[in-house]
2 protein chains.
Amino acid sequence: MSERNTKQRATISDVARLAGVSISTVSRVLNDTAPVSDDVEKRVRQAVELLSYAPHAAARNLAVRKTNTVGLLLPALSSSFFAPMLRGIESAIRRSEYHLLVHASLRSGDNDPWQRHPIGAHNADGMLLFVNSSDDEEILRNYRRDFPMVLLFFKGPKGTDIPYVSFDNAGGIHQIVEHLVSVHGRRRIVYLRGPVGNQDSEERELAYRLALAQLGLPYDAALVARGDYSEQGGQAAVEQLLATGVPFDAVFAGDDEAATGVIAALRAAGRSIPEDIAVVGFDDLTFAAHLNPPLSTVRAPIERAGSLAARMLLAILHGEEVPSASPLPVELVIRRSCGCQASVPAPAAGPGSCR
Amino acid sequence: MSERNTKQRATISDVARLAGVSISTVSRVLNDTAPVSDDVEKRVRQAVELLSYAPHAAARNLAVRKTNTVGLLLPALSSSFFAPMLRGIESAIRRSEYHLLVHASLRSGDNDPWQRHPIGAHNADGMLLFVNSSDDEEILRNYRRDFPMVLLFFKGPKGTDIPYVSFDNAGGIHQIVEHLVSVHGRRRIVYLRGPVGNQDSEERELAYRLALAQLGLPYDAALVARGDYSEQGGQAAVEQLLATGVPFDAVFAGDDEAATGVIAALRAAGRSIPEDIAVVGFDDLTFAAHLNPPLSTVRAPIERAGSLAARMLLAILHGEEVPSASPLPVELVIRRSCGCQASVPAPAAGPGSCR
DNA sequence: GTGAAAGCGCTAACAA
DNA sequence: TTGTTAGCGCTTTCAC
């Protein structure tokens, strides 16, 4: 039988006793906070090693009034979009002295205090926020307390100036819509929305309308379908569109996941892509290149955005004044679903070119 | 200018003072740990509301000697594999009183103590571990201290009996290999490994060899290629295989990400899939159905595994004895890349059938 | 039903 | 260079 050693965790006093010094001395060598004689330092380090001592974070946090962790609040951990974002955040946080506390908050309105404030000043020094609005109250409260925050892909409640990161939605969308009409002669382009309340989606819709106007194309409200940045959402939206009989020759999905649903629905309905209907997405998630046909889309630097947001938060935590980042540039990625024949992805192709 | 309110966080004493009671009373009503008169309770709750007080986690943790958080250690946050796993873990943790502390530990061997023990008894009550072996020392230390752990997809160091979750690799692989040979007559099937040290990959290789033997096929070491569960790895492996000229008529990739690389490399070399070479994967990640051709694979219940592991850890934290879970059943998913013509995925098709 | 007071393990003055 | 001590904000006996 495995003989488990149930002895308690060693504390700083244990180390001090074993090394024959006071606890403050131990604290000093561990934190390099004051000079200590070589001899003493050696003894302390030996004791630490022997007891495999590790300082208790909660106690330290309490004493220094700092938790050494930053929180991340988002709607879900899964999804192809969050993966690169998380990677960016994690890599930035890892090179700092902070830990990352993550909370995915699908539902809200709970009354358990631990659920109501999953992350806040009580357990983090600052937080990264990706929420679908509606949490304004909580954000404002933190804002008033000067609690460090950085927002991911949305502006905070009005009246606040919380720094945030964002994509240059307008620029990317102008390019891809122009590509669809100038190169492929599409004229009835449906826009597939993201979840209601998603600021990115709203910006993208605006940009879509603007692009249409600039290209001299009429805006038809019937061509705006509601999705939720999910495959099922995209599929359902297209099925409904097909059912109503509104004519269209292209669909611009608010994100790539929705685009895969669009493709599936179109194909199931016997429409060929891109001949009958061109489809394009947004984000350039990892699977986009492997879809059938390979998806033309707008590449958003998601990982970079995550890393940037984290670094902004870190800077704030280090006492710096941090303004919102300017919108991160996106890039047109032309593959086949728009009608181009490029067999190789042609990054940075201008809207007028095709490969 | 926004007029920020820089007042300090309210503490329990502030609440007590405002409510005209002692701090112990406040603690009592907040934790429902002893009867309190209705009147007092009301006053306390009002004060809490007024000050928007939230207990300071570190202080509470210190007092109760419990952190109320569980840690998750994994090699990376991104990747299509971790996404569902994280979702499973998160959803289980969220319905408990615990928080989730995440740490992605790409590199190791660092000497900063915070890096060396990113998660442990100092900041968590238990942990979920997804590591590529080599961290045995740390695991053993925690094990000896009775620190609650649950391992994800690997058995712990020998001599330990740390509970873990796993997939029924053997069963799934037997089915898919048999399908490849019985239905499609493939005889030279390459196995594309995962990262060295990955137990799942080793199990899968063993199962592959066993299946070959049972089907009366010879084992050829030249048909075992090394990958790393990544698209690039799969691509490189196939390119090399092609370069050496070893003949093969199918490739079984250790996971779906590698399979996409395999497909890309094969196609780039002008081989048609599945006519020339059949390819199958493992996991059934979200993109598998959308590949071209749609990927036949073995579906692993990743999200369920994550959730199960988290619930096991929670059970241990609640004082229960928890044995390792029996391997989670996997399921053959036949699409087109194996040579079947099914236009619709046929879940649970037997190895002998094709749609 | 309520309050006083002793810690939880650590850091940071302040002395020596 | 080192030790003593007073907290950090909270829970939890132990009295009352």
Side-chain angles (χ1 to χ4, degrees), chain A residues 7-45 47-48 51-69 97 113-114 117 120-125, chain B residues 7-45 47-48 51-69 97 113-114 117 120-125:
Chain A
K7 76 175 162 220
Q8 291 295 307
R9 288 171 46 76
T11 74
I12 198 174
S13 318
D14 297 325
V15 175
R17 195 173 315 120
L18 184 55
V21 299
S22 76
I23 62 170
S24 16
T25 296
V26 175
S27 175
R28 282 179 194 117
V29 351
L30 258 28
N31 301 302
D32 193 26
T33 183
V36 164
S37 74
D38 286 0
D39 173 49
V40 166
E41 164 152 9
K42 207 177 65 194
R43 270 153 49 210
V44 169
R45 295 213 180 278
V48 166
L51 299 169
S52 48
Y53 165 79
H56 189 71
R60 174 180 220 151
N61 294 345
L62 187 56
V64 299
R65 261 154 305 185
K66 191 163 175 309
T67 67
N68 268 304
T69 103
E97 73 271 33
W114 280 101
H117 305 288
H122 56 287
N123 58 8
D125 298 334
Chain B
K7 77 176 163 222
Q8 290 296 306
R9 289 171 45 76
T11 73
I12 197 173
S13 317
D14 297 325
V15 176
R17 195 173 314 119
L18 184 56
V21 298
S22 75
I23 63 170
S24 10
T25 296
V26 175
S27 174
R28 283 181 192 115
V29 350
L30 258 27
N31 301 301
D32 193 27
T33 185
V36 164
S37 76
D38 286 359
D39 173 51
V40 166
E41 163 151 10
K42 208 177 64 195
R43 271 154 47 211
V44 169
R45 294 211 181 281
V48 166
L51 300 168
S52 49
Y53 165 78
H56 189 72
R60 176 179 218 153
N61 294 344
L62 187 57
V64 299
R65 259 152 305 184
K66 193 163 172 311
T67 66
N68 269 304
T69 104
E97 73 270 33
W114 279 100
H117 306 287
H122 57 287
N123 57 7
D125 297 335

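Chain identifiers are assigned alphabetically (A, B, ...) following the order of the sequence lines, protein sequences preceding nucleic acid strands; residue numbering begins at 1 within each chain.
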- Message: Holding to salt bridge (charged side-chain N to carboxylate O under 4.0 Å, His left out), I want the full list of residues that pass it with B:Asp39, two or more places apart in sequence or in another chain.
- Response: B:Arg43
- Test salt bridge (charged side-chain N to carboxylate O under 4.0 Å, His left out) applied to A:Arg65 - qualifying residues, sequence neighbours left out: none
- For B:Lys42, look at atom NZ and say whether over 12 heavy atoms of other residues, nucleotides or ligands are found less than 6.0 Å away. no
- Item | B:Arg60 side chain near D:dG9 phosphate (N/O to OP1/OP2, under 4.0 Å) | no
- If only side-chain N and O atoms of A:Arg65 are considered, is one of them under 4.0 Å from the OP1 or OP2 phosphate oxygen of D:dC8? no
- In short, the helix from C:dG1-D:dC16 to C:dA16-D:dT1 is bent end to end, axes from five pairs each side, to 10°, by 40°
- Note on the structure: Per the under-4.0 Å heavy-atom filter, residues of residues 18-31 of chain B near DNA chain C come out as B:Val21, B:Ser22, B:Ser24, B:Thr25, B:Arg28
- For residues 32-41 of chain B, which residues have at least one heavy atom under 4.0 Å from DNA chain C? B:Pro35, B:Val36, B:Ser37, B:Val40
Quick one: does any side-chain atom of [X] pair with a main-chain N or O of [Y] as donor and acceptor, under 3.5 Å?
X	Y	answer
B:Thr33	B:Arg28	no
B:Arg9	B:Ala54	yes
B:Thr69	B:Asn123	yes

- Atom pair NE2 (B:His56) and OG1 (B:Thr11), whose distance is rounded to the nearest 0.5 Å: 11.0 Å
- Item | Distance in Å, A:Asn61 CG paired with B:His122 NE2, rounded so as to fall on 0.5 Å steps | 10.0 Å
- Query: Between atom OH in B:Tyr53 and atom P in D:dG9, what is the gap in whole Å?
  - Reply: 10 Å
- Item | Integer-rounded Å distance: C:dC8 P and B:His56 NE2 | 19 Å
- Message: Under the rule for side-chain contact (heavy atoms from CB on, under 4.5 Å), what residues qualify as partners of B:Ala63, not counting sequence neighbours?
- Response: none
